[in-house]
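Throughout, a chain's letter reflects where its sequence line sits, starting with A, and its residues are numbered from 1.
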Amino acid sequence: MRTHRCGDLRPEDIGKEVTLCGWVDRRREHGEHLAFIDLRDRSGVIQVVVQGAADLRAEYVLQVKGKVRERPSETINESLETGGIEVEGLEVSVLAASEPPPFPIDDRTEVDEVLRLRHRYVDLRRDRLQNNLQLRAQVNSSLREAMKEQGFVEVETPMLVASTPEGARDFVVPSRKELGSFYALPQSPQIFKQLCMLGGVDRYYQIARCLRDEDLRADRQYEFMQLDIEASFVNGEDIRNIVSSAVSRATETVTGVKIDNIPSISWQEAMERFGSDKPDVRFGLELIELTELFKNTEFRAFQAPCVKGIRVPGGAEYSRGRLDELTDKSQNWGAKGLAWIKIENSEMVSPITKFFSEDEKNSLKSEMEADEGDLLLLVADEWSTVCHVLGLLRLEIGRPPINEGGFNFLWVIDFPLFEGTDENGNPASSHHPFTMPHEEDLSLLENGQTEGVRSLAYDLVLNGWELGSGSVRIHREDIQKLIFSTLGIEPDEAERRFGFLLDAFKFGAPPHAGFAVGLDRLTAILAGEENIREVIAFPKTQSGADPLTSAPSPIEDVRLTELGLKVLPPTE
RNA sequence: GGUCCUGUGGUGCAGUUUGGAGUGCACGCCGCCCUGUCAAGGCGGAGGUCGCGGGUUCAAAUCCCGUCAGGACCGCCA
């Protein structure tokens, strides 16, 4: 139907007879003698000149036969890649008419999210999404290349799997043959990739769809894609090198930015300095340790296990309203309150400094390197609360847009093996129960200690987004038993929940380790997008709905009956 | 489960703080004019349940309560 794409035409094509197909992007009609039509397809836009009246409207689909010619020099459009040439439209046929589109097909207009998703096929015509889809495809293929080159085999794993109690809420699929039983859609191919290692695949990878029924966010959809990796006879560092080279390759391919080396930071240091296990290291505002300083303070609110603060340069200009807002947020995040101190005219201006001794004031100034015009924000509480709240405040105050400051990849290593407790008061795995403890901390574990036990789990972080995580897996039965008993999982319960996996490990389990990279997030950041919806062809709204297809939707009673299901009225 | 922001012709916004006639801007749409435009231009015109429901008031887009939808975040996401 066509000989060229619109945006591919160049001055070398001058004189050629071409046939083009595309949409009417914009038209400039000059009465019944002359009209200019910007014809758009995936590759871009070319100006078609029509002699005579052109009864065309926006988004009409055309086939244009014509001749490429040089534009008169005074009419060259420098802002267009095809701006030096145009097509003399000799024969213009309308392949499909169009009603006026529900919103303009340009990148200037911010359109209501529901409207965009309801007419996603129109939205996808916009440059922004066209570019993002193409970029996404490039990311995928460069990752595949990188994995292939490193000796990995692409293996597909099932979508209908057994539900496991671990982790996120499952999406569930009722069985027709076995009423009352359900498949789950995979939260990740975790179990299967480990089984691949037991199966001697040696190096597995897959670009896998994962599904988790948890609340949506700018960086979270129900369904998302992972570059899923597992390898045998490797340690954590080997895996990190493999992943580093893959994501560096993708980054360079689509942005041209070379990533030389991805630095590592321990979880402990990340929390202490940035108040987050996924630190955004593109800006300062680091947390400053003040617990010792206020050890003997008279100020009741600071008599806490931990006191930290951040120094906001120029923050003394913050209005009372802004400070109240930050205080509200801090409380919403779990702090009892937020202490603020402005440095104005070399004086500390604050509602709380009257409770400080001279010594405390001076130490605070020097410890935080407080300068004229600064704002000091302090939180006192349990260590984890202090880190959490200040970490979020830091982002609230200083976080740059996602497309600024380059691509700051970062490995966060040495995560704690346990985090908090489950409903029975037993320690809970912070990654999953098959995560290998740090060799140096095995003795702690053997003595029944969980506090301070590190794991061989690691996260990859990019500009403050968690891009993925992985770990070295336990392949020794004695260590696995020790972990289960520490977690308060009785042998019969372990057998019931993970029996098939534990059985598999009895038949010669190679040491193995793995990782998974969130591709929607990686692609979004490489595209400079703050929201992964912009790099997903057909995403869902924050409430999990698809305005285009009306999913989710009720199903007929007969189908429910066939599945042995009955829908209860909503509970209050 | 919670906090915050948004909802006004087809689209994007202003108007809401301090209640007073559906007022305004840009784009689009319809008609007419226009032979080198490129976010074409000129003239004219049509188009509204101010998300929905209730309340306060002589009077509500504007104030209050509820609700729905979208967005951001906390919880949640091994």
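Among the protein residues, A/Gln47 comes within range of the nucleic acid bases, having at least one heavy atom under 4.0 Å from a base atom. Residue A/Gln190 is classed as a base contact, given a heavy-atom separation below 4.0 Å to a base. As judged by a 4.0 angstrom heavy-atom cut-off over every strand, A/Asp112 is placed among residues touching the sugar-phosphate backbone only. Residue A/Ser469 is classed as having no contact, given no heavy-atom separation below 4.0 Å to the nucleic acid. If you check every strand for non-hydrogen atoms under 4.0 Å, A/Arg169 touches nothing. A/Glu419 comes within 4.0 angstrom of no nucleic acid atom, judged by non-hydrogen atoms across all strands. Using a 4.0 Å heavy-atom criterion, one finds that A/His119 contacts no nucleic acid atom at all. Within 4.0 Å (heavy atoms only), A/Ser455 reaches no atom of the nucleic acid at all. Residue contacts shown for A/Arg116 are absent, as no nucleic acid heavy atom lies under 4.0 Å away. Within 4.0 Å of A/Ser430, counting heavy atoms only, lie sugar-phosphate atoms of the nucleic acid but no base atom.
A donor N or O paired with an acceptor N or O is found under 3.5 Å between the base of B/A39 and the side-chain atoms of A/Arg108. A donor-acceptor contact under 3.5 Å is formed by the side chain of A/Arg69 with the base of B/G36. One can find a donor-acceptor pair under 3.5 Å joining the base of B/C76 and the side-chain atoms of A/Arg220. The base of B/G71 does not come close enough to the side chain of A/Arg533 for any donor and acceptor atom to sit less than 3.5 Å apart. With hydrogens and angles left out, the side chain of A/Asn77 and the base of B/C38 share a donor-acceptor pair within 3.5 Å. In the interface, the side chain of A/Arg212 is not paired with the base of B/C77 through any donor and acceptor atom under 3.5 Å apart. For A/Glu86 against B/G36, a side-chain N or O and a base N or O form a donor-acceptor pair under 3.5 Å.
For A/His388, counting side-chain heavy atoms from C-beta on, the closest listed nucleotide (B/G36, B/C77, B/G75) is B/G75.
In terms of phosphate contacts, A/Arg28 brings no side-chain nitrogen or oxygen within less than 4.0 Å of OP1 or OP2 of B/A39. The side chain of A/Asn531 places an N or O atom within less than 4.0 Å of a non-bridging phosphate oxygen (OP1 or OP2) of B/A72. Not one side-chain nitrogen or oxygen of A/Thr109 sits closer than 4.0 Å to the OP1 or OP2 atom of B/C27. Here A/Thr541 reaches the OP1 or OP2 of B/G70: one of its side-chain N or O atoms lies under 4.0 Å away. The side chain of A/Gln542 places an N or O atom within less than 4.0 Å of a non-bridging phosphate oxygen (OP1 or OP2) of B/A72.
Seen from the ring of A/Phe283, A/Arg394 counts as a face-on cation partner, given the 6.0 Å and 45° thresholds.
Ring stacking holds between A/Phe36 and B/U37, with the centres under 5.5 Å apart and the planes within 30 degrees of each other. Applying the 5.5 angstrom centroid cut-off and the 30 degree plane-angle cut-off, the aromatic ring of A/His30 is stacked upon the base of B/A40. Here A/His33 packs flat against the base of B/U35; its ring centre is closer than 5.5 angstrom to the base's six-membered ring, tilted by less than 30 degrees.
Taking both residues in full, the closest heavy atoms of A/Ala168 and A/Gln187 are given as O-NE2, 2.7 Å, listed atom of the first, atom of the second, then distance.
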